[in-house]
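Written below as structure tokens is the structure these notes are about.
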Amino acid sequence: MSNPQFRWWQTGIVYQIYPRSFQDSNGDGVGDLPGIVSRLDYLVDLGVDAIWISPFYKSPMADFGYDVADYCDVDPIFGTLADFDHLLEEAHARGIKVIIDWVPNHTSSEHPWFLESRSSRDNPKRDWYIWRDAKPDGSRPNNWGSIFGGPAWEWDETTQQYYYHYFVKGQPDLNWANPEVVKAMTDVLRFWLQRGVDGFRMDVVYLLAKYPGMPDNPINPDATPLNENDIFGVQHHVYDSIQPEVHRYTRMFRQITDQYGDTVIVGEVWEDDLNEWIKFYGPEGDEIQLPFNFRLMQLKEWNAGVVSASVNEFEDALPEFAWPNYVIGNHDRTRPATRVGSQAQARIAQMLLLTVRGTPTMYQGDELGMEEAQIPREQWVDPWGINLGITRDGCRTPMQWDGSRYAGFSTVEPWLPVQADHTWRNVEAMSDDPHSFLSLVKRLIALRRVEPALHLGVYRRAGAPDGVFAYIREHDGRRFLIALNFTFEEKRVPLNGPGVVAISTHLDRADETAADTLTLRPDEGVVVLLG
Ligand code: GLC
């Protein structure tokens, strides 16, 4: 799948590993790095090109690793630095690139930098974080809320000031306006690049620059807060979200990673305004190569109209130099199989993800059609869920490898419950079933790998009846029509010439030929080779 004009992160597929839930190798109920190594052959078999591993750094786990206490070491729960080097070596030996998570916006409140910073007002690291006096009446410096609930300011008794935390109070925000912070955090990038990683997924990278003076956010009178803790949810995020200065940092990060060969920056950027979002590619494509496109994950409805509008609007807005990408599931959002309403539509979602133009990022377990787990409230561990009632635990349950008691993930009760459907929805059973969800995903990946039209070809809209989203992918005269039926009715799709079905989401009509039109069954998606 190599074409010199395209880079691996354009033509390839990224697979997200949430290490706590992928594979436990030492029987403590939590996944780890050696566990990932033991499953690399599965990933080769699946056909992915790169893995992005969510944080495995030293952490008190207030936000399950997104609260980092040492950026250059591995938490003992996940293994050691030597285990990471081994993982890198084993992945590379199999032709799999490794992207790691970098969490630049905040550290853990137990990071030595923060411990120093909070020790006294004149500590040299005081200004590494965002400290403010109380207002004269003792109240907080401004009205900002934490996205995880409650106010964004935490009072520090010792030094009699508040510190700022966009996430939980165990995640104080770093002060990127301080050049020493910039130096320390970019040294972390170099540390991992020198070890040989192929790129970074940069956590909430859009938040790094803070508005000078940090004034109150305006209140949004139309907001519907999640509960009484949701201060964040009732405001317009004028001052606590994207600030233009952030691009100074993203450009700088790119200059660093570019010095280390064929690397990539994937950026977590939540921004509904497409024009603002596009700015993260940089005016000349000199910032983030793949700012995550979460649009499909954020759709309120799942039908041909909204899905095609989302894709087409995105395609139309992208400048020439910007490479598209799509995400339909991750460790922060409801599993796509649950979101789109049925397993049949979840198959269509995978067909879309793997045939639309751009880099797909696939979240572990979504290749099995795993559903959002219904976990009783008293077992919730996610701080967001506990504070605001929208738990992310349901998409973080253990990977389902086989039908045994703990799904082949562990030998003991895991940190989150294994889902009941693991007895049949598991890698082992589904690998043996030629019509399974996993078999569909493998077929789609295999076809995408061998067909340049699908991994680098142009994208064009195609005519289709209501309820069907159809598009063409083409390269070097080889043309595919992808037609996705979002309804429960039969639909006739024009091919405008002969075609051969390459894959149906039902996996039962490959090689079927059609003269001029093709009938789609209810809830069916097809990839058809035209001509
Ligand atoms: C990102 C991560 C999320 C984490 C948050 C704070 O949104 O994806 O899991 O809680 O950043 O680091």
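Start at 1 and go down the list; that is how both ligands and their atoms are numbered.
Nearest to atom 9 (O) of ligand 1 among the protein's heavy atoms is D332 OD1, 2.7 Å. At the top of the distance list for atom 7 (O) of ligand 1, counting protein heavy atoms only, stands E268 OE2, 2.8 Å. Ranking protein heavy atoms by distance to atom 1 (C) of ligand 1, first place goes to D203 OD1, 2.8 Å. Summary of contacts: the protein heavy atom closest to atom 5 (C) of ligand 1 is F167 CE2, 3.7 Å.
Of all atoms in ligand 1, listed by their number and element, those nearer than 4.0 Å to a heavy atom of R396 are 9 (O). Close contacts between ligand 1 and D63 involve ligand atoms 4 (C), 5 (C), 6 (C), 10 (O), 12 (O) [criterion: under 4.0 Å to a heavy atom]. Within the listing of ligand 1, atoms 10 (O) sit less than 4.0 angstrom from a heavy atom of F148. Listed by number with element, the atoms of ligand 1 under 4.0 Å from a non-hydrogen atom of R392 are 3 (C), 4 (C), 9 (O), 10 (O). Every atom of ligand 1 is numbered from 1 in the order shown, and the set under 4.0 Å from a heavy atom of H106 is 6 (C), 12 (O). Residue contact check: R201 has heavy atoms under 4.0 Å from atoms 2 (C), 8 (O) of ligand 1.
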Evaluation steps, salt bridge (Lys or Arg N to Asp or Glu O under 4.0 Å), between K58 and D75: CA-CA 4 Å; K58 277 221 164 83; D75 195 278; over 6 Å; no
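Figure legend: R295 and W277 shown as a cation-pi pair, the cationic atom lying under 6.0 angstrom from the six-membered ring centre and within 45 degrees of its axis. Taking the centre and axis of the six-membered ring of W153, the NZ or CZ atom of R132 falls outside the cone set by 45° and 6.0 Å. R39 forms a cation-pi arrangement with W401, by the criterion of a distance under 6.0 Å to the ring centre and an angle within 45° of the ring axis. Within the cation-pi definition used here (under 6.0 Å to the ring centroid, within 45° of the axis), R357 qualifies as a partner of W323.
Ligand 1 has no atom lying under 4.0 Å from any heavy atom of W384.
The aromatic rings of Y71 and H111 sit tilted, their planes meeting at an angle between 30° and 60°. Using cut-offs of 30° and 60° on the angle between ring planes, the pair F253 and W176 is perpendicular.
Between L193 and F200, the closest side-chain pair of non-hydrogen atoms falls below 4.5 Å.
Of the polar atoms of W270, none of the N or O atoms is found under 3.5 Å from an N or O of ligand 1, judged by distance alone.
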